[in-house]
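Just dropping this structure here.
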Amino acid sequence: MPSTSSSNVPSKTSYDVFLSFRGADTRHNLISHLYAALSRKLVTTFIDDHGLDRGEEISPTLLKAIEESKISVIIFSENYASSKWCLDELVKIMECMKTMSRNVLPVFYHVDPSDVRKQTGSFGQAFGVVKEKFKGSMDRVQRWSTALTEAANLSGWDSNNYRLESELIEGVIDEIIKKLYATFYSISTDLVGIDSHIEQILPLLCIGSLDVRFIGIWGMGGIGKTTIAEAIFSRISDQFAGCCFLSNVREKSSKLGLIHLKRDMFSKLLGDEKLSIEMSHALPTFVVDRLRRKKVIVFLDDVNDSEQLEALAGNHGWFGPGSRVIVTGRDKEVLQCKVDEIYKVEGLNHNDALQLLSMKAFKEKQPPNDYAKLSEMVVSYAQGVPLALKVLGSHLYKRSQKEWETMLNKLKQFPDSNIQKILEISYDELDQMEKDIFLDIACFFKGCEKEKIEDILEGCGFAAEWGILRLTEKCLVTIQNNRLEMHDLIQEMGLHIAKRKGSRLWNSQDICHMLTTDMGKKKVEGIFLDMSKTGKIHLNHATFSRMPMLRLLKFYRTWPSPMNQDAVFIVKSAESNCLEDLSNRLSLLHWEEYPCKSLCSNFFMENLVELNMPRSNIEQLWNDNEGPPKLRRLDFSESVNLKRLPDLSSTTDLTSIELRGCESLLEIPSSVQKCKKLYSLHLDNCKELRSLPSLIQLESLSILSLAFCPNLKMLPDIPRGVKDLSLHDSGLEEWPSSLPSLDNLTFFSVSFCKNLRSLPSLLQWKSLRDIDLSGCSNLKVLPEILVCAETLRIGRRSGLEEWSPLIHSLNKLTYLPAKLQKPYKSSKKYSFKFP
């Protein structure tokens, strides 16, 4: 039989299923029951009712029916292969599987699949009769044989494995429905990308098991939870004796009450419209008894309160064996107190997002070429959120390119109200502390290190760790690489709320207007001003006295300032030469290029966690013994007028001190030894620094940087836990003999320490990986180095004359002096690579 070219076959489908069978074997038993079951499921099925009146060749109508059927079911019976018409159907079916990606499902009805595959046994005998009749047309016979083998290799059903024929039919029907729904989903414009979610959720449901399972579908607003639940309901609900999809539980429970919802749900599950339920937290015994005898499936959509779950789903014991309860919601805490598994819904990938937008905006799978760039911009804005793509796509339907551009520009300042309304539901359900933390992150801290922000928010009086956990459970915040992240649409919603409230300011124009007037100062809690975006600002010395609620203050630059051009000037009073009346609620004070010589005298800093004033004019911090007790981080880098730090006895929680480029700094107080939590100490380019107190008690110290300190001749006692030690271009003259073995040290640099004449053995520094001895012109002898060191930098200006005999193979050398190359160049023991 001639094959039909795939380029000529129609792509449309007129039938869901094509049944291929030998009428004499199966028409009045299996086929009749299978066809009736498919009809009850409203599956459009082609069945050849005139098979006994066929002509010499398979009819064009039959060929077309095969081409236009989504699925072909082949019933291999004992005499199937005795019919040349069945064999021609089979060849056509297998061709359509290959050329048109049609599904093929074989059923082996009282025949062994291996006999079909190999054409042996009684099945092979029937085929032999046909082969004998057509021995003059061996090409046709070979096509039949190949098709039989290929079809028998497909996954199907062997009737010998089923006790009852009804069980066999049920298995075939379930697979047909599954495959058909997968096709339906891909056609719907609202269900783009749905299949990947369903494929991951179905294994969690374990439909075949008899236990009762509760599954949660969790994600941010507008991400598609309800759509996924509806698709799953459509696919599997027919496998249960009772089903109920209860939508908008959050909204309906507040309007109608839980008792109404409960009565509605169990009436549907039991098929009893007169069901009497009067209590929200209990279920009548007669209802439980009836329910336990039924395999049911329940969908509870948009649940936001554990009380709703308790009232509607109770516990696993309410439901019969094999029952399933699927709950969608935005709050992970609500779900996890009841469900067995939680599936988190992520946004659409780029291709699916573009397709969904295009289907809404153009009614096509891909945007027209002249709208491609604009479509990419909308997809970028929506960031995989189906709700945003649907709303924006529908709004842009039949719009001109100019209108697309106008809308995109508008979105930068005014978010779409329909999208915001859905997203704000999650915000409205937060308590006040959680709302404050959410707005702080949205306005100021997106992308920042989680632990640092927790410290700052704790200083504001918040239970920050718990609050951030709740925000992650509500899909408002995510934590990636230990940083707080937030979907752009969620952040946009937060910024919109904060702007309405006027409590947090980040827009330069709004801040400048507020600072130079009295408008809204009393309710301001946070100010983040990018001074790169402003001109010169003249502030009254009492500007901040009218901001009693201020908790977060940051004046910063996103790019360097022009030479000698300060952004902020303080108009001083006769009594004071500094800023006055900073709020004692401040937890974060970050002011780059701070113009005054000292902090205000009536600023008690009792809640201050972070004090950052790089490139400031500061000369004096707080008075001795009056340090901020909660201070964790201190940064006065490049504050060239700062000569000394005050007593640090009160700041025992300090973890970081940054004093890079404090060129006038003379000393570090000995009270630094009380800062037991100190992790990093950076004193690079402190040119006047001549000595340091002992640091041996600082067991948490990991990073010590003393580069470019030309007057630092001696290294102080340091704890053995230090991991990163840099003395680059310092005045170091000798290595202290009292220094312990630095067994945690991974990076060690004494590069360009021109006065350094010797180093101790490094053999016991077991973690050391990176050693930099470049430019040490007076270091003549290389010390013993552990074999596991990975990088040794020596450089061309090295004064090395002699190797230690205990140095072994090192992975890298930047340079090896010529006078040292000869003894080692020919030795197979070493793997040095010379330039």
Side-chain angles (χ1 to χ4, degrees), residues 1-10 15 17-31 34 46-69 71-159:
M1 182 180 69
S3 65
T4 304
S5 169
S6 62
S7 62
N8 295 326
V9 295
Y15 304 99
V17 172
F18 179 92
L19 292 178
S20 176
F21 59 96
R22 178 74 168 117
D25 290 348
T26 60
R27 183 182 297 276
H28 301 298
N29 41 54
L30 179 69
I31 288 298
L34 179 59
F46 183 92
I47 183 170
D48 181 12
D49 290 323
H50 308 288
L52 296 177
D53 303 322
R54 288 177 175 172
E56 286 297 317
E57 299 293 338
I58 186 170
S59 71
T61 302
L62 210 57
L63 292 174
K64 185 179 180 184
I66 294 171
E67 291 175 351
E68 295 184 358
S69 295
I71 300 172
S72 287
V73 178
I74 309 166
I75 311 298
F76 287 118
S77 57
E78 185 175 2
N79 295 300
Y80 181 92
S82 67
S83 168
K84 68 182 180 68
W85 296 284
C86 286
L87 293 170
D88 284 342
E89 278 181 9
L90 177 63
V91 170
K92 181 62 179 177
I93 287 169
M94 298 309 292
E95 177 189 323
C96 289
M97 182 187 77
K98 297 172 185 176
T99 61
M100 302 174 66
S101 299
R102 299 296 193 226
N103 286 298
V104 177
L105 303 176
V107 177
F108 304 94
Y109 188 64
H110 300 314
V111 295
D112 192 316
S114 66
D115 284 344
V116 179
R117 188 179 303 116
K118 301 174 183 176
Q119 294 100 60
T120 56
S122 59
F123 185 89
Q125 291 174 9
F127 184 52
V129 175
V130 176
K131 286 169 63 177
E132 183 63 27
K133 288 182 181 179
F134 289 87
K135 59 184 179 181
S137 181
M138 292 309 295
D139 287 346
R140 188 175 184 183
V141 171
Q142 183 58 49
R143 285 199 299 271
W144 291 340
S145 178
T146 301
L148 286 168
T149 301
E150 290 176 345
N153 280 324
L154 298 175
S155 177
W157 295 264
D158 183 349
S159 65

message: Filter on ring pair (Phe, Tyr, Trp, His ring centres under 6.0 Å), then keep only pairs touching residues 130-155, sequence neighbours left out; what's left?
response: F134-W144

query: Any salt bridge (charged side-chain N to carboxylate O under 4.0 Å, His left out) pairs touching residues 125-137, not counting sequence neighbours?
result: E132-K135

statement: Hits for side-chain hydrogen bond (donor to acceptor under 3.5 Å, both in side chains) against S145, two or more places apart or cross-chain, chain-then-number order -> Q119

message: In the structure I gave you, are the side-chain heavy atoms of V129 and S82 within less than 4.5 Å of one another anywhere?
response: no

message: Suppose we screen for ring pair (Phe, Tyr, Trp, His ring centres under 6.0 Å). Which residues come up paired with F127, at least two apart in sequence or across chains?
response: none

- prompt: Which residues satisfy the salt bridge (Lys or Arg N to Asp or Glu O under 4.0 Å) test with K98, sequence neighbours excluded?
  reply: E150

- request: Taking side chain to side chain contact (heavy atoms under 4.5 Å, CB included) as the test, write out the residues that go with S137, two or more places apart.
  value: R140

- prompt: Of all residues at least two apart in sequence or in a different chain, which pass the side-chain hydrogen bond (donor to acceptor under 3.5 Å, both in side chains) check with N153?
  reply: R117

field: Contacts of type side-chain hydrogen bond (donor to acceptor under 3.5 Å, both in side chains), residue N79, not counting sequence neighbours
entry: D25

query: In chain order, what residues pass the side chain to side chain contact (heavy atoms under 4.5 Å, CB included) check against D112, with sequence neighbours excluded?
result: S114, D115

message: Checking F46 now: which residues fulfil ring pair (Phe, Tyr, Trp, His ring centres under 6.0 Å) with it, not counting sequence neighbours?
response: Y15, F18

query: When you check the gap from the basic side-chain N to the acidic O, do E67 and K92 get nearer than 4.0 Å?
result: yes

query: Among all residues two or more places apart in sequence or in another chain, which pass the ring pair (Phe, Tyr, Trp, His ring centres under 6.0 Å) test with F123?
result: none

field: ring pair (Phe, Tyr, Trp, His ring centres under 6.0 Å) partners of residues 96-118, not counting sequence neighbours, each pair once
entry: F76-F108

